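This is a predicted model, so every value here is computed, not measured. We count ligands from 1, going down the list as the structure has it; atoms in each ligand are counted the same way.
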Amino acid sequence: MSTKKEIIFSGIQPSGNLHLGNYLGAIQQWVDMQKRLSPEDTLIFCIVDLHAITVYQDPKILRQKIREVAAMYLACGIDPKNAHIFVQSENPDHTYLSWVLDCVVPYGQMLRMTQFKDKSQKQQEGTTVGLFNYPALMAADILLYDTTTVPVGEDQKQHIELTRDVAEKFNSMYGETFVLPKDQIDTSAARIMSLQNPLSKMSKSDADPFGSIYLLDEPDEMIKKLKRAVTDSGSAVSSENLSPALTNLISIFGKVTNRSFEQVLKTCEGLSYGAFKTQLGEAVVAKFEPIQKKYRALLEESGELDRILDQGCAAVSVYSSAKIQVVKERVGLGR
Ligand code: ATP
Ligand code: LTN
């Protein structure tokens with residue numbers, strides 16, 4: 001990390017079970033950044049429950065998922081001594097700034113958001129104004145803390161571009177207020193694809209359970225899903241003929257064993273698809289078994305989780321409330 005003070009912010013929606021894409025595209029980067037942290041840097045990881053309700057969530061399940069996502073951050077190695085972990089809806093500064101930004105973001109730019117186009121197509125008449133405004137709330141999350149770097153998967157790139165644009169526009173309308181953040185995308189895991197359809201991304205909201213490996217899947221389930229993963233008409237791993245499905249599986253293998261794509265390809269060259277998938281399954285299980293153990297222990301010790309989330313929220317509120325004061329003054333809100 002550079003010598004300049006970094007403020008890192010990211011979040012995941014508690015909208016379902018976390019999967020390999022969330023881990024490899026987001027959480028693993030966060031853990032790596034934490035290892036390279038310098039004492040002046042700040043890490044903030046949020047459970048973005050207000051974003052989750054842009055698509056209907058069963059209230060009882062949502063409450064449970066919020067705790068589960070928080071426990072999963074910790075089990076994967078985020079250390080509350082280094083990072084603030086908090087629940088988005090517990091800090092009302094996010095919704096406050098979101099409204100102000102709604103009044104700055106051009107409507108035409110919001111219409112171009114590809115995530116909205118995809119999700120609204122799936123929701124049809126269930127599409128809400130919240131789903132449309134989603135990127136303004138995300139911009140608020142990021143801008144409240146003078147965030148410099150946002151580690152995410154590739155699908156979030158456009159939202160971070162919009163965040164920069166809205167920050168720039170606000171600064172030019174009202175005076176220098178927000179820092180322009182940049183994204184950080186791990187190109188080797190930017191877009192983990194569904195195991196059943198290598199042209200669509202692995203996603204919490206995928207209806208086909210065989211498309212995703214969930215971090216809490218039982219070991220035999222993980223192995224079964226990988227065995228069932230679609231490949232192509234070939235029968236053995238060959239660098240001559242790499243289909244999107246095989247490329248995805250090799251990327252996953254590389255990431256869970258800390259090797260490059262090329263290293264995996266070299267050692268697996270010539271292996272039958274069956275043998276390759278068995279090795280991959282064993283590697284995925286070996287990676288997640290210790291995380292699952294830690295996760296279960298954390299959920300049992302529920303007091304500890306609450307303490308961490310309370311402390312996280314108290315700490316971030318100090319930053320965000322100061323920023324809201326500046327925003328009010330700049331915009332002329334209140335007395
Ligand atoms: P949903 O299906 O509910 O929209 P999701 O599975 O896309 O959820 P998010 O909560 O939107 O997950 O994403 C959390 C983080 O995980 C983001 O940084 C996102 O870019 C990353 N991410 C999600 N899916 C993938 C994927 N398939 N590959 C790489 N990164 C991913
Ligand atoms: N939109 C993100 C989740 C998210 C987020 C953020 C990520 C909400 N606010 C701020 C980074 C920074 C997604 O992954 N779907």
Would you say [X] and ligand 1 have an N/O pair spaced under 3.5 Å apart?
X      : result
Ala189 : no
Gln13  : yes
Asp155 : yes
Ile192 : yes
Val152 : no
Gln156 : no

Could you tell me whether [X] and [Y] make a salt bridge, using a distance below 4.0 angstrom between a side-chain N and a carboxylate O?
X      : Y      : answer
Lys225 : Asp217 : yes
Glu68  : Lys65  : yes
Lys255 : Asp186 : yes
Arg63  : Asp49  : no
Glu304 : Arg307 : yes

Hey, which atoms in ligand 1 end up nearer than 4.0 Å to a heavy atom of [X]?
X      : answer
Gly25  : 29 (C), 30 (N)
Ser15  : 3 (O)
Ala190 : 28 (N), 29 (C), 30 (N)
Ala26  : 15 (C), 16 (O), 18 (O)

If you define the side chain from C-beta out and look only at heavy atoms, does anything of [X] sit under 4.5 Å from [Y]?
X      : Y      : result
Phe45  : Phe86  : no
Met113 : Lys117 : no
Thr147 : Val179 : no
Thr278 : Lys227 : yes

For ligand 1, which part of [X] has a heavy atom less than 4.0 Å away: the side chain, the backbone, both, or neither?
X      : answer
Lys119 : side chain
Lys204 : both
Ser10  : neither

*Which heavy-atom pair separates Val256 from Lys287 by the least distance, and what is that distance?*
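Heavy atoms of Val256 and Lys287 come nearest at O-CD, 3.7 Å.
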*Might you point out which heavy atoms bring Met110 and Leu162 nearest each other, and give the distance in Å?*
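So the minimum-distance heavy-atom pair works out to SD-CD1, 4.1 Å.
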Could you identify the single nearest non-hydrogen protein atom to [atom] and state the distance to 0.1 Å?
atom                    : answer
atom 18 (O) of ligand 1 : Gly153 N, 3.2 Å
atom 31 (C) of ligand 1 : Gly21 O, 3.4 Å
atom 24 (N) of ligand 1 : Lys201 NZ, 2.9 Å

*For atom 2 (O) of ligand 1, which candidate among Ser251, Gly211, Ser205 holds the nearest heavy atom?*
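Result: the heavy atom closest to atom 2 (O) of ligand 1 is in Ser205.
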*From the candidates Asn22, Asn17, Val48, the one that places a heavy atom nearest atom 16 (O) of ligand 1*: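 Selected option, by shortest heavy-atom distance: Asn22.
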Ligand 1 contact by [X], heavy-atom criterion under 4.0 angstrom:
X      : result
Pro151 : no
Gly16  : no
Gln115 : no
His51  : no

*Anything with a heavy atom under 4.0 Å from ligand 2 counts, so go ahead and list those protein residues by chain and number.*
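Only Phe9, Ser10, Gly11, Gln13, Val48, His51, Tyr134, Met138, Asp141, Ile142, Val150, Val152, Gln156 have heavy atoms that fall under 4.0 Å of ligand 2, ordered by chain and number.
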_Test log, rule side-chain hydrogen bond (donor to acceptor under 3.5 Å, both in side chains), inputs Thr42 and Glu6_ = CA-CA 6 Å; Thr42 306; Glu6 297 261 3; over 6 Å; no
*Please lay out, stage by stage, how Asp141 and Gln88 fare under the test side-chain hydrogen bond (donor to acceptor under 3.5 Å, both in side chains).*
CA-CA 8 Å; Asp141 297 341; Gln88 184 188 35; 3.0 Å; yes
*Can a donor-acceptor pair be found between the side chains of Gln196 and Asp208 at a distance below 3.5 Å?*
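No - no donor-acceptor pair under 3.5 Å links their side chains.
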*Would you say the side-chain atoms of Asp93 and Ser317 include a donor-acceptor pair closer than 3.5 Å?*
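Absent: no donor and acceptor within the cut-off.
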*side-chain contact (heavy atoms from CB on, under 4.5 Å) between Lys204 and Ile12: does it pass, once the steps are laid out?*
CA-CA 11 Å; Lys204 281 191 233 99; Ile12 298 184; 3.9 Å; yes
*So Met173 and Arg330, side-chain contact (heavy atoms from CB on, under 4.5 Å) or not? Walk me through it.*
CA-CA 9 Å; Met173 286 166 78; Arg330 297 273 150 87; over 6 Å; no
